[in-house]
There are 2 protein chains.
Amino acid sequence: MADYEKIKQNTASGPVTLADIAKLAGVSPVTVSRAINTPHLVKPRTLEAIERVIAKTGYVPNLLAGGLASRKTRLIAAVVPSVASTIFAETIEGLNAELVSAGYQLLLGLSGYDLSRELELTRAILARRPDGIILTGITHLKETRAMLTGAGLPIVEIWDSTPSPLDTAVGFSHAAVGSLVAGHLLIRGYDRYAQIGANDPRAVQRRDGFVERLKGIAEVELPELEMNSPSTFRDGRVAMAQLLDRGEGSLGVFCSSDVVAHGALAEAHARGCKMPDDLAIIGFGDFDFAPHTHPPLTTVRIDRRDIGTKAARSILRKIDGDEDVEAMINIDFHIVARGTA
Amino acid sequence: MADYEKIKQNTASGPVTLADIAKLAGVSPVTVSRAINTPHLVKPRTLEAIERVIAKTGYVPNLLAGGLASRKTRLIAAVVPSVASTIFAETIEGLNAELVSAGYQLLLGLSGYDLSRELELTRAILARRPDGIILTGITHLKETRAMLTGAGLPIVEIWDSTPSPLDTAVGFSHAAVGSLVAGHLLIRGYDRYAQIGANDPRAVQRRDGFVERLKGIAEVELPELEMNSPSTFRDGRVAMAQLLDRGEGSLGVFCSSDVVAHGALAEAHARGCKMPDDLAIIGFGDFDFAPHTHPPLTTVRIDRRDIGTKAARSILRKIDGDEDVEAMINIDFHIVARGTA
DNA sequence: ACGAAGAATGGAAGCGCTTTCATTGTAGCC
DNA sequence: GGCTACAATGAAAGCGCTTCCATTCTTCGT
C-alpha cells in the first residue's frame with residue numbers, strides 16, 4: 001500500500017529515485033546503479049529492462065547523492081576575472097569543450113580581478129566538492145592558498161607562468177611578452193617609448209618586462225591615468241592623447257590589450273599620425289578586430305582557447321591519478337606584425 | 001579511541017565534517033548547522049565558540065550533503081550558445097553578479113547553437129538538482145521541454161519573446177527588431193534591400209521581420225552563403241562582396257550581428273562605397289567596437305547585461321515562492337544611428 | 001556430471017548534512 | 001513562588017546514492 005502510493009506519486013510527478021527504478025525493474029538498487037555507471041557489469045537482458053524503465057519514467061539520477069556517496073562530483077570549477085572581456089571567454093570555451101567531452105561540468109566563478117572576491121568564490125566552490133579547480137593567475141591571498149592546499153584537490157593556475165605553482169600551471173611569462181615587444185620596437189627605433197596599461201598583475205608584469213628590456217636605452221613613459229582592469233577603449237584613447245600632448249618625436253607604445261590599443265589607435269588616427277613611422281602601437285591578445293583596424297593592429301598573439309584546453313587536460317589527468325603531469329605547461333606567443341608596428 | 005583517531009585525522013587533512021566541529025565545540029551537530037545557516041537561533045556565546053572552531057579547523061560545509069538533505073542546492077544553471085561571441089557574455093556577467101549577491105552559484109552550459117546538445121546539457125544539469133535553470137531562446141526539442149517541465153523547477157528563457165514561455169521569459173521580439181530596421185532604412189529609401197545573417201532561430205526571426213516589413217515594397221536579397229552561427233567577420237565580408245557584385249543601385253543591408261556588419265563594412269570600405277548614401281549597413285548588438293569603425297556603425301542596441309540581471313531576479317523570486325512573476329518580461333531595444341545608416 | 005572460477009546480483013552501511021519533534025533553560029508575570 | 005511562554009538545544013530519521021562484502025548463477029574443463 002505504502003509502496004503503491006509511493007510509486008504512483010513518483011510516476012506522477014518529479015522525484016523518481018533509483019529505488020523506484022529498481023522496484024519497477026524487479027532488481028535491487030545496486031544493480032540499477034551499476035546499469036547506469038558500469039553497464040558492462042550487468043547482464044544485457046537486465047540492462048535492457050532497466051533502461052526501458054528509466055526511459056519510461058524519465059528518471060534523472062541525483063548527482064548530489066551520487067557525489068556524496070562516491071566523493072566524486074564530476075564538477076570542475078573555474079575562476080576567471082571576467083568573461084565579457086573576450087580575453088578569458090575563449091579559454092572558458094576551450095575548457096568547457098574538453099570537460100564536457102570527458103563527462104564533467106563547469107562551475108563558473110567571476111572574480112572581477114578582485115583577490116578577496118576570489119577567496120569568497122573559492123570557499124563557495126570548495127563547498128561543492130569539485131573534483132578540481134582552475135584559477136586565473138598565480139597571485140592569491142594566503143587564505144585562498146591555504147584553503148586550496150588544504151582541500152587536497154587538483155589545482156590548475158592559468159594565464160601565467162611560475163616555477164612554483166600551487167599544483168600545476170598553464171600559461172606563459174608576461175614579462176617575456178613585454179620584453180619581446182620592446183625588442184620588436186627597438187629594431188625600428190623610436191625617440192620615445194611608452195606603455196599604456198591596466199593594473200592587474202599580469203598587465204603589470206608585461207609592463208615590467210617591457211621596461212626592463214629598455215633599461216639603459218630609454219625611459220618608458222607612462223600616462224597619468226588610473227586604469228583599472230579590464231581597461232577600455234576610452235582609457236586607451238585618453239592615454240594616447242596624453243602621451244602625444246606631452247612630448248615630441250617618434251613614439252613606440254605597448255598597450256596592455258588590443259582594446260586599449262584600439263582606443264590609442266583611434267586617437268592617433270584622428271590626429272593623423274603616420275604609422276608605424278612616427279608612431280608604433282602594439283597591442284596584446286590578437287582579438288578578432290585586430291586585423292581590421294586602420295591600419296591593422298600589430299599585436300601579440302597567444303592561443304587563448306588552447307590555455308583552456310590544456311588546463312582541462314591537465315586537471316583530468318590529475319583526477320585520473322596521473323602523477324606525471326608537468327608542473328608548468330608553457331603556451332607559445334608571438335608578435336603578429338601588421339600595420340601599426 | 002576511534003573518535004580520537006577520527007578527529008586527529010581530520011584536523012590533519014581535508015575532510016572536517018560538521019560532526020567534528022560539533023564535537024570540538026562541545027555541542028550537537030544540529031547546533032552547528034544552525035550556527036551556519038540560521039545563526040540568530042543560536043545563543044551568542046555558543047555561536048562564538050562554534051565560529052572559533054570553524055575558523056581554526058578551516059571547515060568548509062559540504063553543500064552536496066546539505067543539498068541532498070534540504071533539497072536546495074543554491075545552484076542556478078544557465079545554458080547559452082556560446083560565451084566567446086560577446087553577445088551572451090555580458091548576459092552571463094549580469095546573471096552571475098545578481099546570483100552571487102543572493103548566495104547562489106552559476107553552473108554554465110554551452111550549447112553551441114545545437115538543440116540536441118542543449119538536451120544533453122539539460123539532462124546533465126538536472127542531475128545536479130539546481131534550484132532553477134535559464135535557457136537561451138524559446139526553441140527546444142520536445143524531449144528537453146518534457147524533461148524540464150517534469151523537473152518542476154523555475155525556468156527562465158532568455159533572449160527571445162513569446163506569449164507562451166515554458167515558465168518565464170526575458171527578452172524581446174526579434175521580428176520587431178527586423179521590422180524596426182526595415183523602417184529605418186525605408187525612410188532614407190534605397191534601390192535594393194538585403195540581409196546578411198546566420199541561421200540561428202533568433203537571427204532568422206530578425207530576418208523574417210525585416211522581410212515582412214518590406215513586403216510589397218521590395219524584394220529582400222540574400223547572399224548565397226551558408227552562414228552558421230555564430231557568423232564571422234569573414235562571412236560578412238564575403239556576403240557583402242556577393243551583394244555588391246550582383247547588382248546596381250543603392251543598397252540597404254541589415255546584418256545579423258555587429259561582427260558580420262563589421263566585415264561587410266570592411267568590404268564596402270575597400271571598394272570605396274559612399275555610406276550611407278550608396279550603401280547603408282545596420283548591425284545588431286552595439287558591440288564595443290561599433291562606435292569606432294569607419295564610418296561608425298549604425299546598429300540596434302539592447303542591454304545584454306540587463307537580460308541577465310532581470311533573468312536572475314525573476315528566477316530568484318520564483319525560488320522564493322513568488323507567484324506573481326510576469327510570464328514575459330520585455331527588454332527594450334532601439335537603433336543607434338551612427339555613420340552607416 | 002561435478003566442482004571451480006568467474007559473472008551477476010543483492011544486503012547493509014554510510015556519505016555529511018537538514019528536518020521534525022522533543023526536551024531543557026530561561027525569563028517574565030501575577 | 002509557581003506557572004507560562006518562548007528561547008536554546010538535542011535525538012533520531014532520512015535525503016538518494018555508492019561502496020564493500022557476501023551470495024547466487026553460469027559457464028567451463030575434465
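All values below come from the heavy atoms of this structure, side chains included, with hydrogens, waters and symmetry mates left out. In the text below, chain A, chain B and the rest are named by the order of the sequence lines, each starting its count at 1.
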Could you list by number each residue of residues 124-131 of chain B showing a heavy-atom separation from DNA chain C of less than 4.0 Å, or answer none if no residue does? none
Do [X] and [Y] come close enough that some side-chain heavy atom pair is under 4.5 Å?
X	Y	result
I155(A)	T168(A)	no
I329(B)	S314(B)	yes
R128(B)	L75(A)	yes

Residues in salt bridge (Lys or Arg N to Asp or Glu O under 4.0 Å) contact with E93(B), at least two apart in sequence or another chain: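 Here no residue qualifies.
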Could you work out, with salt bridge (Lys or Arg N to Asp or Glu O under 4.0 Å) as the rule, every residue matching R34(B), not counting sequence neighbours?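 R34(B) satisfies salt bridge (Lys or Arg N to Asp or Glu O under 4.0 Å) with no residue once adjacent residues are dropped.
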Taking [atom1] from [X] and [atom2] from [N], how many angstroms apart are they, rounded to a whole number?
X	N	atom1	atom2	value
L68(B)	dG16(C)	CG	P	12 Å
Y59(A)	dG16(D)	OH	C1'	7 Å
I50(A)	dA8(C)	CD1	C1'	11 Å
L47(A)	dA7(C)	CG	P	17 Å
L63(B)	dG16(C)	CG	C1'	11 Å
L64(A)	dC15(D)	CG	C1'	10 Å
K23(A)	dG11(C)	NZ	C1'	15 Å
R74(A)	dC17(D)	CZ	C1'	15 Å

Assuming nearest nucleotide by heavy-atom distance, tell me which of K43(B) and K43(A) is located more 5' along DNA chain C.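 Result of the comparison: K43(A).
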In degrees, rounded to 10°, what is the bend between the two ends of the helix from dA1(C)-dT30(D) to dC30(C)-dG1(D), using five pairs at each? 30°
Output one line per pair: protein atom, nucleotide atom from nucleotides 18-20 of chain D, and distance, for all N/O pairs under 3.5 Å.
from    : atom 1 : to     : atom 2 : distance (Å)
dT18(D) : OP1    : N37(A) : ND2    : 2.6
dT18(D) : OP2    : S33(A) : OG     : 2.4

Please name all residues satisfying side chain to side chain contact (heavy atoms under 4.5 Å, CB included) with R71(A), sequence neighbours left out, ordered by chain then number. none
Carefully, step by step, assess Q105(B) and R74(B) under the rule side-chain hydrogen bond (donor to acceptor under 3.5 Å, both in side chains). CA-CA 6 Å; Q105(B) 267 173 286; R74(B) 309 231 113 203; over 6 Å; no
Please tell me if [X] has a side-chain N or O lying less than 4.0 Å from either OP1 or OP2 of [N].
X	N	value
S28(B)	dA11(D)	no
R71(B)	dT19(C)	no
T17(B)	dG16(C)	no

Short question: side chain of T73(A), backbone of G67(A) - any donor-acceptor pair under 3.5 Å? no
Short side-chain to backbone donor-acceptor contact, S33(A) and P29(A), under 3.5 Å: no
Spacing of I138(A) atom CD1 and S161(A) atom OG [to the nearest 0.5 Å]: 6.5 Å
Looking at I36(A), L24(A), D20(A), which one forms a side chain to side chain contact (heavy atoms under 4.5 Å, CB included) with Y59(A)? I36(A)
Would I76(A) and I133(A) count as a side chain to side chain contact (heavy atoms under 4.5 Å, CB included) here? Give the steps. CA-CA 6 Å; I76(A) 305 276; I133(A) 185 167; over 6 Å; no
